[in-house]
Amino acid sequence: MEPDAKILIVDDHQDTLYALESALAPLGHHLSRATTADDALKQVLRGHVGLLLLDVRQPDAGGLDVVRYMRRLEQTQHIPVILLTGFGPDQELTSTAFHLGVADLVMKPIDPWVLRTKVRYLYDTHQRHRALQAEIRELRARTAPHEADSTPAAPRPDPRVPPQRDTTGARPAQDRT
């Protein structure tokens, strides 16, 4: 993930977007907003999204539909998602959300300190994961030419075992098959 990856906040209510932006501003990350699921998907597909805060209920498509779509695409399947809901505890929603790989489900009204803590942890963890993946790709690219050029070497005899001489003229035991 790029160091400037943004946190995308998706909600159809402007006052909620403002409150979430205010709560997350102390983290110092670039924040972006969307008011529809369609706008959110467009931003996610353009890249540079490091975390998604997504309201469950959207006028055009539900938050779970957005997550389902994201999880089917390689480029978006690992972006952490925090679902936001104002409808209280719902076992079916919780089960479905976590089955889809949602990182967390947060009930409104949201405690700003708790939200900042969760966002900081998920964003930083995802950023470290992406950096490690990039390093692995780079190391594989460096070693791939060397691996392709080398041919498998013949096994070398163990230097601790002295060579055996055949004084009888018979073939060695391992050659008698």
Side-chain heavy atoms of Arg33 within contact of Leu8, under 4.5 Å: no
Side chain to side chain contact (heavy atoms under 4.5 Å, CB included) assessment of Leu20 paired with Leu115: CA-CA 9 Å; Leu20 292 169; Leu115 183 65; 3.6 Å; yes
Considering all heavy atoms, the nearest Gly50-Ala5 contact: N-CB, 3.8 Å
Closest contact, heavy atoms only, Gly47 versus Lys6: O-CE, 4.5 Å
Hydrophobic cluster identity match, Leu45 and Leu100, side-chain contacts under 4.5 Å: yes
Non-hydrogen side-chain atoms of Asp55 and Asp12 separated by less than 4.5 Å: yes
Within one Ile-Leu-Val-Met-Phe-Trp-Tyr cluster: Val106 and Val114, side-chain cutoff 4.5 Å: no
Approximate separation, where rounding is to 0.5 Å, of Leu105 CG and Ser95 OG: 11.0 Å
Donor-acceptor contact present, side-chain Tyr69 to main-chain Leu64, <3.5 Å: no
Heavy-atom check, side chain of Val81 versus side chain of Val66, under 4.5 Å: no
Candidate pair Val56 and Leu93, rule side chain to side chain contact (heavy atoms under 4.5 Å, CB included), full reasoning: CA-CA 9 Å; Val56 172; Leu93 171 64; 4.1 Å; yes
Donor on one side chain, acceptor on other, Ser32 and Gln43, under 3.5 Å: yes
Approximate separation, where rounding is to 0.5 Å, of Leu83 CG and Leu53 CG: 9.5 Å
Any donor-acceptor N/O pair, Arg71 side chain to Gly101 backbone, under 3.5 Å: yes
Heavy atoms from other residues, nucleotides or ligands near CZ of Phe98 exceed 12 (cutoff 6.0 Å): yes
Ionic contact status for Asp11 with Lys108, cut-off 4.0 Å: yes
Steps toward side chain to side chain contact (heavy atoms under 4.5 Å, CB included) verdict (Val10, Gln58): CA-CA 9 Å; Val10 185; Gln58 294 292 320; 4.0 Å; yes
salt_bridge(Arg120, Asp124) N-O dist < 4.0 Å: no
Atom pair CD/CZ of Glu135 and Arg137 - distance to nearest 0.5 Å: 11.0 Å
Spacing of Arg72 atom CZ and Thr76 atom OG1 [to the nearest 0.5 Å]: 9.5 Å
Arg128 versus Gln133, side-chain donor and acceptor atoms under 3.5 Å: no
Joint hydrophobic cluster, Tyr18 plus Ile110, side-chain heavy atoms closer than 4.5 Å: no
Check: Leu41 and Met70 side chains under 4.5 Å, non-hydrogen atoms: yes
Neighbour count >12 (heavy atoms, 6.0 Å) for atom CD, Glu92: no
Any side-chain heavy-atom pair of His13 and Leu17 under 4.5 Å: no
Min side-chain heavy-atom separation Ile82-Leu122 under 4.5 Å: yes
Atom CZ of Arg57 with >12 non-hydrogen neighbours under 6.0 angstrom: no
Spacing of CG belonging to Asp39 relative to NZ belonging to Lys42, to within rounding of 0.5 Å: 6.0 Å
Leu52 with Met107, same ILVMFWY side-chain cluster at under 4.5 Å: yes
Single-linkage hydrophobic cluster Ile7~Tyr121, side-chain heavy atoms < 4.5 angstrom: yes
Heavy-atom side-chain contact between Ile9 and Leu54 under 4.5 Å: no
Sub-4.5 Å side-chain heavy-atom contact between Leu24 and Val119: yes
Heavy-atom closest contact (Ala61 atom, Ala37 atom, distance): O-CB, 3.6 Å
Spatial distance of atom NE2 (His78) from atom NE2 (His126) [nearest 0.5 Å]: 8.5 Å
Verdict with reasoning, Gln14 to Thr35, per side chain to side chain contact (heavy atoms under 4.5 Å, CB included): CA-CA 8 Å; Gln14 292 294 328; Thr35 55; 3.3 Å; yes
